[in-house]
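Below is one structure, written out as structure tokens; the observations come after it.
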Amino acid sequence: MSVLVYIENTEGVLKKSAFEVASYASQIANLQQDQAIAISIGDVSDAELQKLENYGISKVLTVTNDNLKSFVNQVYASIIVAAAQKEQANIVVLSNSFSGKGLAPRVAAKLEAGLVSGAISVPSFNAEVAEMKRTAFSSKAIATVTLTSPIKVITLSPNAFEIEERKTSAQIENFVPEIASTDFGTIVKEIIRATDKISLPEAEIVVSAGRGLKGPENWGMIEELAEVLGAATACSKPVSDAGWRPHAEHVGQTGIVVSPNLYIAIGISGAIQHLAGVSSSKTIVVINKDPEAPFFKVADYGIVGDAFVVVPQLIAALKAYKGN
Amino acid sequence: MKILVCISNVPDTTSKITFTNNNSEFNNAGIQFIINPYDEIALSKAVDLVNGGANGTVTVINVGDVTTEPTIRKALAIGADQAVRINTTPYDAWFVANQIAEYAKAHHFDLILTGQESIDYNGAQVPAMLGELLSIPSVSIAKKLTIEGNEATIEREIEGGKEVLTANLPVVVGTAEGVAEPKIPNMRGIMGARSKPFEIIEPIPVEALTSFSYYETPATRGKVKLIAESDINELVNLLHTEAKVI
Ligand SMILES: Cc1cc2nc3c(=O)[nH]c(=O)nc-3n(C[C@H](O)[C@H](O)[C@H](O)COP(=O)(O)OP(=O)(O)OC[C@H]3O[C@@H](n4cnc5c(N)ncnc54)[C@H](O)[C@@H]3O)c2cc1C
Ligand SMILES: Nc1ncnc2c1ncn2[C@@H]1O[C@H](COP(=O)(O)O)[C@@H](O)[C@H]1O
């Protein structure tokens with residue numbers, strides 16, 4: 001038996017989540033005294049794939065095929081299942097990324113396997129039964145989930161698991177599964193990438209602003225602060241509802257859930273629905289002119305003050321710090 | 001066009017979440033239940049697409065016990081034409097998806113809409129599982145959806161951008177914000193909901209593969225450290241030396 005892990009790339013470069021899931025899968029494999037085997041789909045160089053050997057992966061199956069350049073969840077799911085069967089995997093790990101969410105349930109259904117999505121801990125095993133933690137109720141709770149099927153599919157929550165180096169040597173193997181034309185049910189027409197932007201779900205630092213900023217014209221300083229910190233930008237729901245910022249930046253219970261190392265909330269009151277999406281951030285800084293703003297109750301550091309005064313000072317202070 | 005909209009019944013977003021029975025069960029005492037907000041978007045889109053019945057019908061389906069009926073009635077009031085409740089506890093996504101797939105197989109829908117995830121258990125599993133069980137395409141997180149003839153065009157979010165894709169009907173789409181503006185039921189809708197067809201079906205036997213055994217509330221943070229506006233360097237210093245995040 002083995003642990004199979006699906007490795008995502010962006011235009012041939014392994015994603016940060018790829019190393020997270022690789023490291024996670026190899027820890028599970030270690031517990032199970034099995035091998036951790038990776039599967040990569042698309043054009044990724046052997047040199048790039050070889051990096052996975054630093055994270056406990058002993059074999060990488062690589063599927064390159066001109067028809068697989070863009071993501072089609074049905075085809076990708078069939079390939080992952082074929083790999084799982086070839087390697088007799090009893091555990092399949094994916095990232096709980098946008099693509100992972102479209103893929104993992106199909107993989108699980110094909111294998112008639114139970115699926116835990118958004119795991120935040122390495123499972124413990126008791127014979128066939130695995131137990132692990134994940135958040136529930138939009139981060140308002142942490143749940144322990146039991147997975148009882150013989151084959152188990154787990155998606156790992158981004159940023160929730162500390163990558164650990166574990167050096168092995170990995171053999172890279174071309175894998176040529178049969179691909180059914182009927183699996184090409186969706187056709188990608190266009191990919192629009194905001195190349196200068198840091199991806200919000202994967203970001204280690206997030207700078208977020210709310211209605212306290214008064215209008216879209218004031219986001220210059222938010223973007224500048226994000227740039228100084230190498231952070232992604234985010235916003236509260238009313239801000240994206242009003243069209244001040246794109247929907248893709250809206251965090252919270254009905255937006256994106258983030259768990260960066262540092263979340264800086266500027267001019268956001270801290271409504272329960274907003275907190276639900278950000279409360280698992282490791283460190284929270286709140287800047288708000290109202291000392292009674294509920295956000296201060298869940299913050300690590302707070303500044304009671306006017307964002308229009310504090311943010312430019314913070315940018316200057318950070319520039320000075322980075323300059324040293 | 002025949003559209004099926006999957007509705008889950010979830011605690012209101014303002015609910016304080018607590019647990020009972022040695023923290024093994026969600027405590028629903030005093031909780032107000034609502035249509036899952038993402039499902040409300042799916043439903044509103046469906047109602048727009050059928051355009052008052054001129055272009056087809058909207059069926060809402062829920063896998064749940066009798067306590068979910070007020071939520072289903074609200075979906076009828078918003079504009080669904082008929083409702084189906086599969087009379088059982090929704091044990092896990094595999095169980096739920098199999099129940100819905102069984103119904104969908106018998107009724108041949110052109111479009112199946114779900115929310116991108118339910119805000120209680122946040123699985124984000126049902127849409128793609130349904131696609132697989134029905135052997136049709138699925139897109140789990142759609143930000144835009146348009147239908148022209150037999151073709152759906154969908155905008156999906158990806159890390160650091162978006163992707164536009166097409167699929168022939170039938171297709172399963174999990175909707176996120178941006179697909180439609182949520183509709184609010186009006187008086188006529190509420191009155192009309194009472195006389196719309198409402199079918200109750202018994203479940204098929206399916207074994208759940210996952211279960212929640214225990215809940216904790218996340219560790220609370222220590223008291224906030226307030227830093228004076230005039231002392232911004234101290235914040236930078238703390239983020240570096242104490243929090244170690246920069
Ligand atoms: C079903 C449902 C789902 C929801 N989902 C979400 C969600 O996912 N995400 C989300 O964010 N919200 C969500 N909401 C909305 C949520 O309830 C709040 O309305 C929203 O989070 C408030 O946004 P805000 O903090 O930007 O604005 P406000 O509540 O208006 O707060 C603005 C804050 O800015 C401060 N401020 C004003 N001027 C300044 C200044 N010059 N300097 C510093 N501070 C200043 C004020 O003191 C105030 O605290 C949802 C609501 C519902 C009903
Ligand atoms: N019990 C249920 N009955 C009907 N539809 C459901 C149920 N649970 C989940 N769904 C649908 O599946 C979507 C995703 O749910 P989940 O996979 O639980 O996050 C929801 O937004 C609903 O549209």
Side-chain angles (χ1 to χ4, degrees), chain A residues 73-74 97-98 101-102 105-106 109-110 114-118 136-138 140-149 185-194 197 199 201-202 229 247-248 253-254 261-262 272-273 279-280 283 296 298-305 309-310 313-314 317-318 321, chain B residues 13-14 17 19 37-38 92-94 97 119-125 127-129 131-133 136-141 143 156-167 177-178 209-218 221 224-227 229 232-233 235-236 238-240 243 245-246:
Chain A
N73 62 351
Q74 285 167 282
S97 59
F98 291 123
K101 286 179 184 173
R106 295 197 83 116
K110 275 184 201 288
L115 165 60
V116 169
S117 34
F137 297 93
S138 312
K140 290 179 191 172
I142 294 169
T144 300
V145 205
T146 315
L147 187 43
T148 49
S149 50
T186 50
I187 300 164
V188 175
K189 294 284 168 175
E190 193 184 359
I191 293 178
I192 303 147
R193 257 184 237 289
K197 288 266 176 186
S199 152
E202 293 188 329
L229 284 165
H247 273 305
Q253 191 160 19
T254 54
N261 292 339
L262 174 60
I272 188 163
Q273 298 97 343
S279 60
S280 56
T283 299
F296 284 118
V298 298
D300 300 288
Y301 304 105
I303 293 186
V304 179
V309 178
V310 175
Q313 284 179 7
L314 181 56
L318 282 165
Y321 158 77
Chain B
T13 56
T14 55
I17 304 295
F19 301 95
Y38 294 115
D92 74 348
W94 173 246
I119 63 161
D120 49 3
Y121 297 101
N122 315 106
Q125 298 188 7
M129 268 185 194
E132 190 58 38
L133 292 170
I136 58 175
S138 62
V139 176
S140 288
I141 310 181
K143 303 292 261 186
R156 153 180 113 83
E157 199 160 337
I158 57 175
E159 281 78 13
K162 57 191 175 182
E163 187 177 280
V164 183
L165 47 94
T166 58
E177 249 184 4
L209 305 173
T210 60
S211 61
F212 288 86
S213 51
Y214 181 73
Y215 297 93
E216 304 152 67
T217 30
R221 285 166 209 271
V224 59
K225 255 191 203 167
L226 287 180
I227 295 143
E229 205 183 339
I232 215 88
N233 284 325
L235 175 63
V236 174
L238 286 168
L239 290 177
H240 178 61
V245 288
I246 60 168

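Sequence lines set the chain letters: A, B, ... in the order given, protein chains first and strands last, and positions in each chain run from 1.
- Annotation: side chain of A:Y301 is in contact with side chain of B:I227 (closest heavy-atom distance under 4.5 Å).
- Per-residue heavy-atom pair counts under 4.5 Å with chain B were compared for A:G302, A:G305, A:A317, and the maximum is reached by A:G302.
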- Task: Mind running side chain to side chain contact (heavy atoms under 4.5 Å, CB included) on A:D300 and B:K225 for me, showing each step along the way?
- Result: CA-CA 6 Å; A:D300 300 288; B:K225 255 191 203 167; over 6 Å; no
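- The minimum heavy-atom distance between B:W94 and A:A109, with the atom names listed, is CZ3-CA, 3.6 Å.
- B:R221 places a side-chain N or O within 3.5 Å of a backbone atom of A:V298 that can act as its donor or acceptor partner.
- Remark: side-chain polar atoms of A:T148 are paired, donor with acceptor, to backbone N or O of B:L209 under 3.5 angstrom.
- A search for side chain to side chain donor-acceptor pair (under 3.5 Å) contacts involving A:E202 returns nothing, not counting sequence neighbours.
- At distances below 3.5 Å, at least one donor-acceptor pair connects side-chain atoms of A:R106 with backbone N or O atoms of B:G131.
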- Walk me through it: do A:L318 and B:I246 pass the test side chain to side chain contact (heavy atoms under 4.5 Å, CB included)? CA-CA 10 Å; A:L318 282 165; B:I246 60 168; 3.8 Å; yes
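- For the pair A:I272 and B:T14, the tightest heavy-atom approach, listed with the atom from each and the gap, is CD1-O, 3.6 Å.
- How far OH of A:Y321 is from CD1 of B:I232: 15.0 Å, rounded to the nearest 0.5 Å.
- Counting heavy atoms from C-beta on, the side chains of A:T144 and B:Y215 never come closer than 4.5 Å.
- Of the two parts of B:F212, the backbone and the side chain both hold a non-hydrogen atom closer than 4.5 Å to a non-hydrogen atom of chain A.
- Contact record, B:P137 with A:T186: CB-CG2, 3.9 Å, taken as the closest heavy-atom pair.
- In this structure, OG1 in B:T166 is found 4.5 Å from CD1 in A:I187, a value given to the nearest 0.5 Å.
- When the candidates B:P218, B:G161, B:A97 are compared by the number of heavy-atom contacts under 4.5 Å with chain A, B:P218 comes out ahead.
- Heavy-atom pairs under 4.5 Å with chain A peak, among B:L133, B:L238, B:D92, at B:L238.
- With a threshold of 4.5 angstrom between heavy atoms, B:I141 approaches chain A through side-chain atoms but not through N, CA, C or O.
- Here OH of B:Y214 is found 10.5 Å from CD1 of A:I142. Values are rounded to the nearest 0.5 Å.
- The side-chain heavy atoms of A:P105 and B:E132, taken from C-beta on, include no pair separated by under 4.5 Å.
- Atom CZ of A:R193 is separated from atom NZ of B:K162 by 13.0 Å, given to the nearest 0.5 angstrom.
- Comparing B:A128, B:A167, B:S140 by how many heavy-atom pairs each has under 4.5 Å with chain A, the most go to B:A128.
- B:N122 contributes a side-chain N or O that, together with a main-chain N or O of A:S138, makes up a donor-acceptor pair within less than 3.5 Å.
- Remark: side-chain polar atoms of B:E159 are paired, donor with acceptor, to backbone N or O of A:F98 under 3.5 angstrom.
- Between A:I191 and B:I158 there is a side-chain heavy-atom pair separated by less than 4.5 Å.
- For A:K189, the salt bridge (charged side-chain N to carboxylate O under 4.0 Å, His left out) test picks out no residue, with sequence neighbours left out.
- The backbone N or O of B:G123 lies less than 3.5 Å from a partner atom in the side chain of A:S117, making a donor-acceptor pair.
- Of the possible polar contacts, one joining the B:Q125 side chain to the A:L115 backbone as a donor-acceptor pair under 3.5 Å is found.
- For A:Q74, the part lying under 4.5 angstrom from a heavy atom of chain B is the side chain only.
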- Task: Please assess A:Q273 against B:T13 for the test side chain to side chain donor-acceptor pair (under 3.5 Å), listing each intermediate value before the final yes or no.
- Result: CA-CA 6 Å; A:Q273 298 97 343; B:T13 56; 2.9 Å; yes
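- Here the side chains of A:N73 and B:S138 are in contact, with some heavy-atom distance below 4.5 Å.
- Put simply, OG1 on A:T254 and CD on B:E177 are 5.0 Å apart, with the number rounded to the nearest 0.5 Å.
- Two residues are said to be in side-chain contact when any heavy atoms from C-beta on lie closer than 4.5 Å; B:V236 and A:L314 meet this criterion.
- B:E157 contributes atom CD, which lies 11.5 Å from atom OG of A:S97 (distance to the nearest 0.5 angstrom).
- The choice from B:N233, B:L239, B:I17, B:T217 that makes the most heavy-atom pairs within less than 4.5 Å of chain A is B:I17.
- Looking only at side-chain heavy atoms (C-beta outward), B:S211 and A:V145 stay at 4.5 Å or farther from each other.
- Considering only heavy atoms from C-beta on, A:I303 comes within 4.5 Å of B:L235 through its side chain.
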